[in-house]
Amino acid sequence: MSDLKRTGLYDLHVELGAKMVPFAGYEMPVQYPMGVMKEHVHTRTQAGLFDVSHMGQVILRPKSGVLADAALALEALVPVSLLALKEGRQRYGMFTNEAGGIMDDLMVANRGDHLFVVVNAACKDADIAHMRAHLADSCEIEVIGDRALLALQGPLAEAALAAIAPMVADMKFMDVAVVASGYGDLWVSRSGYTGEDGYEVSVANDQAVAFAKALLATDGVAPIGLGARDSLRLEAGLCLYGNDIDETTSPVEGAIEWAIQKVRRTGGERAGGFAGADRILNELENGTARRRVGILPDGRAPMRSGVELFASEDADTPMGVVTSGAFGPTIERPMSMGYVGAKFASTGTTIYAEVRGRRLPATVADMPFRPSTYKR
């Protein structure tokens, strides 16, 4: 793994007994001695601390000094409304390409005089190049290289972080704030990718280990690896970029069109104007040939990524494919998500997956598989 990067918390992961694996160009902890299943349950019942420092953190400052100019410039790259994003709030979005596919999904926060963007690790170099190519005339683009990013998730997350920075207790889901602490300024959002209440916290590299250790010393907080992060986000019905959405899937096919506000849709005040608008606006009006859905296998065997889906036990041609699948420790059963033909996408539809040469029944199901507990 000699050509892989390491986050500033690498030595701490090793000290905590983590099993390190390659992920998105980094050596990252896949699990700790507790093990994936127990880490998953711990996050749902207490609190889990995740190192997500491999993700990209970028500040966009409008050269005009008017934040609306940066918001409008970024709206040319994403199909969401950023002009309406209030100070102290963040919003989920996606970069689209000319074909209407998804280049990456991301978070955008309004922090008063600038926008703060967080992008996925595997895509961050391409995303930064994309922003530089399209936004350099209107924005100063500052890539943040001196801060770690941690996610603290679960029902005890508020108490643990509030012990360090009391004001975070007043934040609601998708609020953002810069909070003073004994570990320097913390850039906090009340969000995450587990379906739990919690926070994502950007902290200066030179304070990151001490900050992480302080959280881990709090009752109920344990380190959690990528293995449990995957099963947690799957129970929450959340996409993993590169698996469930990619450059070949549109936001409508991927069932994330809820993130596209009316103002950017046909008839809206700022309809279109983003890459791939013709296809995406058409699909919003007229639907798609395939759709991302939740899938609950009838048996105990997980249906994993790449498994083909069929309309019947004896159909010759697959009509869909699983993109993510795992056992759900909280729901105590296997769960998957994937793409099916539109006419098979209704909740309750029986479909069949080909697993080791056998056709096994499954049911199209609503997501999330387990209700989310965000503080609204």
Check your understanding: With distance as the sole test, does Arg270 use its side chain to make a donor-acceptor pair with the main-chain N or O of Val263 at under 3.5 Å?
Key -> no

Point to revise | Under 3.5 Å: donor-acceptor pair, side chain of His42, backbone of Gly220 | key: yes

Exercise for review: Would you please test Glu235 and His40 for side-chain hydrogen bond (donor to acceptor under 3.5 Å, both in side chains) and show each step?
Suggested key: CA-CA 10 Å; Glu235 280 189 344; His40 177 113; 2.9 Å; yes

Review point. For Arg279 and Thr96, what are the C-alpha separation, side-chain angles and deciding distance, and is it a side-chain hydrogen bond (donor to acceptor under 3.5 Å, both in side chains)?
Key: CA-CA 11 Å; Arg279 173 189 176 184; Thr96 51; over 6 Å; no

Exercise for review: Examine the side chains of Gln153 and Thr194 and answer whether a donor and an acceptor come within less than 3.5 Å of each other.
Suggested key: yes

Check your understanding: Among the clusters formed by ILVMFWY side chains lying less than 4.5 Å apart, do Met337 and Val340 turn up in the same one?
Key -> no

Check your understanding: Got a donor-acceptor contact below 3.5 angstrom from the Tyr241 side chain to the Met103 backbone?
Key -> yes

Review point. Is the closest side-chain donor-acceptor distance between Glu142 and His114 under 3.5 Å?
Key: no

Check your understanding: Between Arg370 and Thr330, does any side-chain donor sit less than 3.5 Å from a side-chain acceptor?
Key -> no

Check your understanding: Do you reckon Ile128 sits in the same ILVMFWY cluster as Leu106, going by side-chain contacts under 4.5 Å, direct or chained?
Key -> yes

**Study point:** Cluster link Leu9 to Leu215, ILVMFWY, side chain under 4.5 Å
**Key:** yes

Review point. Under the 3.5 angstrom rule, does the side chain of Gln46 hit a backbone N or O of Arg44 as a donor-acceptor pair?
Key: no

Check your understanding: Do Leu16 and Leu216 touch side chain to side chain, with heavy atoms closer than 4.5 Å?
Key -> yes

Check your understanding: Quick one: do Glu253 and Arg292 make a salt bridge, cutoff under 4.0 Å?
Key -> no

Practice item. Mark yes or no for whether Glu27, through its side chain, and Arg6, through its backbone, hold a donor-acceptor pair below 3.5 Å. Key: no

Check your understanding: Any sub-3.5 Å donor-acceptor pair from Lys63's side-chain atoms to Ala136's backbone N or O?
Key -> yes

**Study point:** Nearest-0.5 Å distance, CD1 of residue Ile141 to CG of residue Leu115
**Key:** 11.5 Å

Check your understanding: For the hydrophobic clusters of this structure (ILVMFWY residues joined by side-chain heavy atoms under 4.5 Å, transitively), does one cluster hold both Val78 and Val108?
Key -> yes

Exercise for review: Spell out, as yes or no, whether a donor-acceptor pair under 3.5 Å connects the side chain of Glu39 to the backbone of Gly225.
Suggested key: yes

Review point. When you measure from the side chain of Ser312 to the backbone N and O of Ala315, does any donor-acceptor pair fall under 3.5 Å?
Key: yes

Practice item. Answer yes or no: does atom NZ of Lys262 have more than 12 heavy-atom neighbours from other residues, nucleotides or ligands under 6.0 Å? Key: no

**Study point:** Within 6.0 angstrom of Lys19 NZ, more than 12 heavy atoms from elsewhere
**Key:** no

Exercise for review: Using only heavy-atom distances, determine whether the side chains of Asp69 and Ser138 contain a donor-acceptor pair under 3.5 Å.
Suggested key: no

**Study point:** Arg190 bridged to Glu158 by N-O distance under 4.0 Å
**Key:** yes

Review point. Taking the six-membered ring for Trp, are Trp258 and Tyr92 parallel (under 30°), tilted (30 to 60°) or perpendicular (over 60°)?
Key: parallel

Review point. Are the side chains of Leu186 and Phe211 in touch, meaning some heavy atoms are under 4.5 Å apart?
Key: yes

**Study point:** Single-linkage hydrophobic cluster Leu232~Leu234, side-chain heavy atoms < 4.5 angstrom
**Key:** no

Check your understanding: Going by an N to O cut-off under 4.0 Å, is there a salt bridge joining Arg265 and Glu257?
Key -> no

Practice item. Mind listing the closest non-hydrogen atom pair of Val176 and Arg111 along with its distance? Key: CG2-CG, 4.4 Å

Practice item. Answer yes or no: does atom CG of Asn205 have more than 12 heavy-atom neighbours from other residues, nucleotides or ligands under 6.0 Å? Key: yes

Practice item. Of all the heavy-atom pairs spanning Pro251 and Gly100, show the shortest one and how long it is. Key: CD-O, 3.5 Å

Practice item. Ignoring hydrogens and angles, state whether a donor on the side chain of Glu196 or Thr43 is under 3.5 Å from an acceptor on the partner side chain. Key: no

Check your understanding: Out of curiosity, Leu149 CG to Phe50 CZ, how far, rounded to the nearest 0.5 Å?
Key -> 12.5 Å

Review point. Is a side-chain N or O of Ser372 found less than 3.5 angstrom from the main chain of Tyr374, in a donor-acceptor match?
Key: no

Exercise for review: Using the six-membered ring wherever Trp is involved, compare the ring planes of Phe95 and His130 and label them parallel, tilted or perpendicular (cut-offs 30° and 60°).
Suggested key: perpendicular

Exercise for review: For atom CG of Asp219, decide whether the heavy atoms of other residues, nucleotides or ligands shown that lie under 6.0 angstrom number more than 12.
Suggested key: no

Review point. Within the side chain of Asn282, is there an N or O that forms a donor-acceptor pair under 3.5 Å with the backbone of Asp278?
Key: no

Practice item. Go through the steps for Gln57 and Ser202 under the test side-chain hydrogen bond (donor to acceptor under 3.5 Å, both in side chains), then give the verdict. Key: CA-CA 9 Å; Gln57 304 178 64; Ser202 175; 2.7 Å; yes

